[in-house]
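Within every chain, numbering begins at 1; the chains are lettered A, B, ... in the order of the sequence lines, protein sequences first and strands thereafter.
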Amino acid sequence: MSYTYDRDDEDSFTMANFRDHVDRATFDQILEMDEDGEHDFSEPLVFNFFDQAEETFGKMDEALARKDLDTLSQLGHFLKGSSATLGFIKIRDSCQVIQQYGHGQTVDGLSEPNEAVCLGKIKEAIKTLKTDMVDLEKAIKTFFDDAK
Amino acid sequence: MQLLAAHHADESQSSSNSEQRIGFDGHLLFDLSPLPQLVLSPSCCITRVSSRFLAEWHVAREDAVGQQLIPFVEKQLRPQNSFSVCYLTAAIDDAITSRTERMSQRIVTQHATAWKARILPIFQEHELLAIVVEWLEAPATLLEHDEIVRPGLSTDEAFRILVQAVKDYAIFLLDTKGRIATWNTGAELLKGYRRDEIIGKHFSIFYGPEDLDIRKPDLELDICLREGRVEDEGWRYKKDGTRFWANVIITAVYKDGVHVGFGKVTRDLTERKTAESRLITAYEESEKIKSDFLANMSHEIRTPMHGMLSACSLLLDTPMSGRQKDIVHIMDESGQVLLQLASGSFFITSDIVGISSIITSVVRSVQTTLAPSVHFELFLAPDLPKSVQGDPLRYRQILHNGSIRVRALLHAEDDDSFVIMTEITDTGIGIPEPAAATLFTPFTQFDVTTTKRYKGTGLGLSIAKALAELMGGAIGYRPNPERHGSIFWFTARFKKIKSLEQIQDWKRGPNGRTESMSPHPSIDSPDLQAQLAKAATIKTLLLVEDNVINQKVMLGMLRSLGFKNVALASNGAEAVQVVKGKPAAYDLVLMDINMPILDGNEACVKIRESGIHIPIIAMTAYALKGDRERCLEHGMDDYIPKPVDKKPKSQT
């Protein structure tokens, strides 16, 4: 099936992405802190978050290379905090995976003593994280552009 | 006879006067004797009768003379006494045989006179010439006695017959060793043994193996000897092996002060026992039906409740006026409680409880259902602890079953717990005295008239009672002394939160105002909002948060709530340093838990250790169960989960 990439399609695609990625109630709380209908507060905040995420990804790659599970767990927790605050749920969930396996635990809190398994799961999660982040950035950009 | 006549003539010749007098007198003596007399031929035919006899027996001479004695006497007897004539015959025979006087048994004549016959057989050589019968009147008292215990029964005989004839009770005697000595009809019918097969057997034959194992028969006799009697209820066995539920009374029997045995009376109570167990079964069945019904109900309630609550939360996301929000919050809160009740079984959890916040929230939800003319007051005692450990849901549940003036106070306190007394006073219809006793009995309502004006199942107060007791407290009622109406009160015991003792002191501020940690301490109520706005301008906060994004969001939220003076620290160590440096500068610390260098819990401990009792509220992402307790253990005052909902705490 051929895929025509016109504007409407892109819109519906990003909006679907947006719905998957963002918890509206939480994100709306952030938007409520904007004044006068301008996104003076929320927009820079969200782009700060993307910067923070980019920086954290770098640290994660380094820690993964060192097989430093502790640092990976801390980084996961760190990014989980801010993504949750903004309502970026997919990001948050991947960070949770990294934090848990960094602690030698499954997502359900069960013990996973095999370091190789943990590192494998984390590697996978970081990959998902990065892909998701690209999609999210696109959706968020569209969201703020449309608002202007 | 000729000789005699000659002699007689001779004598009459010599002393005729005297002879004549004696002969005349002899006849006269017989006739005039005060004792009624008869002379019988040897064949017992009446030959002579005395005048006295005729007078006393009310008979004519010609009716008596020439008659046989026995048929004659029989005719004169009282009808029911006829058999006693045989005593007379026996006495006569005996007298003739022994040739000496004999007394007969008493006989009673038609005129209710009792007589004894003195029988004198007159012999010449070996020849019986005549029999003289003298009648002696028997004492009147004996007659009366005889009349009562009618036909010749002695007292002993009467009782023996009585006992023997009783069919509904087994009545029998045991000897001193417990062996059966007598047996009555009742015993035979009840136990199935015939007299000849049971006499001499030990009475333990009636007992079952369980009773024999504990030597019950012997024990019963021991008790009986010590106390005079013993009563027991239990299974007893018949000859055919079937059992019956018996009531047994054993009495020690003494004769002239010497123990001679035991009297035993056994009754069959099987029917009563059956009726009892039928009642118990019926009760248990109804209990089961009731609990099945409730289980069913709770299931049926949960489904629509979920729908309603989802709708509520959607509604809360839409723009609404303050008043509307208030109402929806009440719906949401009440729905949450109902849902928990419907899915929860009847047990008590141990959780952190904010007594005042629960009362406040119940009061808030009840208030809207009242007529505007009803005045609703709330008194929270200043010394009421802010947070205690117990079951918030159950506490709320009891409170909910009553209304109008609510008073909560600290009733008692020991090292480990508080007892909170909650009183609900109303000025309603009151409760009539007789109904007060059954107030807490399930399924009873005091107004059961056909025109029942008040709705309900009659379960509310009995549930409240059960709950109060589960929480180590009590529940009660007394009439409102001031006016018409009722006072309901209940107490509940809550655990102290040990590590917070110091803070408790600090927290019992001058006005005792307390804030809650209930799920939705609504800042949307205008009252609280105003208070918050006022507090925000003058309070200084310290926000401890390592993530810049979160810092910014929290700052934004606080600012939107009106807080202007907010300081920042990006880890626990920094926070400790800042607070220690200026202990009086901050009114409240908002503390992230999971931070590098020094985490929130450790930071909190350090701050408390340096003797600073500043309120600290923990924030943490995706709290696990038990996180809150852990925070409070570390000396924090309260806890909010992240992402922070726009409902943070205010602390005046």
Subject >> Side-chain (B:N547) to main-chain (A:G81) donor-acceptor, under 3.5 angstrom >> reply: no
Subject >> Rounded distance [0.5 Å steps], NZ in B:K552 versus OG1 in A:T85 >> reply: 13.0 Å
**OP:** Quick one: pull up CG in A:L86 and CG in B:N550 and give me the separation to the nearest 0.5 Å.
**Re:** 7.5 Å
Subject >> salt bridge (Lys or Arg N to Asp or Glu O under 4.0 Å) partners of A:D51, counting only residues at least two apart >> reply: none
Original post:
With side chains defined as the heavy atoms from C-beta onward, is the minimum distance between A:N48 and B:V548 less than 4.5 Å?
Top reply: no
Let me have the donor-acceptor pairs involving side chains of residues 59-68 of chain A, under 3.5 Å, with sequence neighbours excluded, atom names and distances please.
residue	atom	partner	partner atom	Å
A:D61	OD1	A:K130	NZ	3.1
A:D61	OD2	A:K130	NZ	2.9
A:R66	NH2	A:D68	OD2	3.1
A:D68	OD1	A:D70	N	3.4
A:D68	OD1	A:T71	N	3.1
A:D68	OD1	A:T71	OG1	3.2
A:D68	OD2	A:T71	OG1	2.5

Original post:
By a 4.5 Å heavy-atom criterion (distance strictly below it), what part of A:I30 contacts chain B: side chain, backbone, both, or neither?
Top reply: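 Side chain of A:I30 only, per the 4.5 Å heavy-atom cut-off to chain B.
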Original post:
Quick one: what part of A:F78 sits under 4.5 Å from any heavy atom of chain B, side chain, backbone, both or neither?
Top reply: both
**OP:** Mind running side-chain contact (heavy atoms from CB on, under 4.5 Å) on B:V553 and A:M33 for me, showing each step along the way?
**Re:** CA-CA 9 Å; B:V553 172; A:M33 284 183 260; 3.9 Å; yes
Subject >> Exceeds 12 heavy-atom contacts within 6.0 angstrom, atom NZ of A:K90 >> reply: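 Yes, enclosed.
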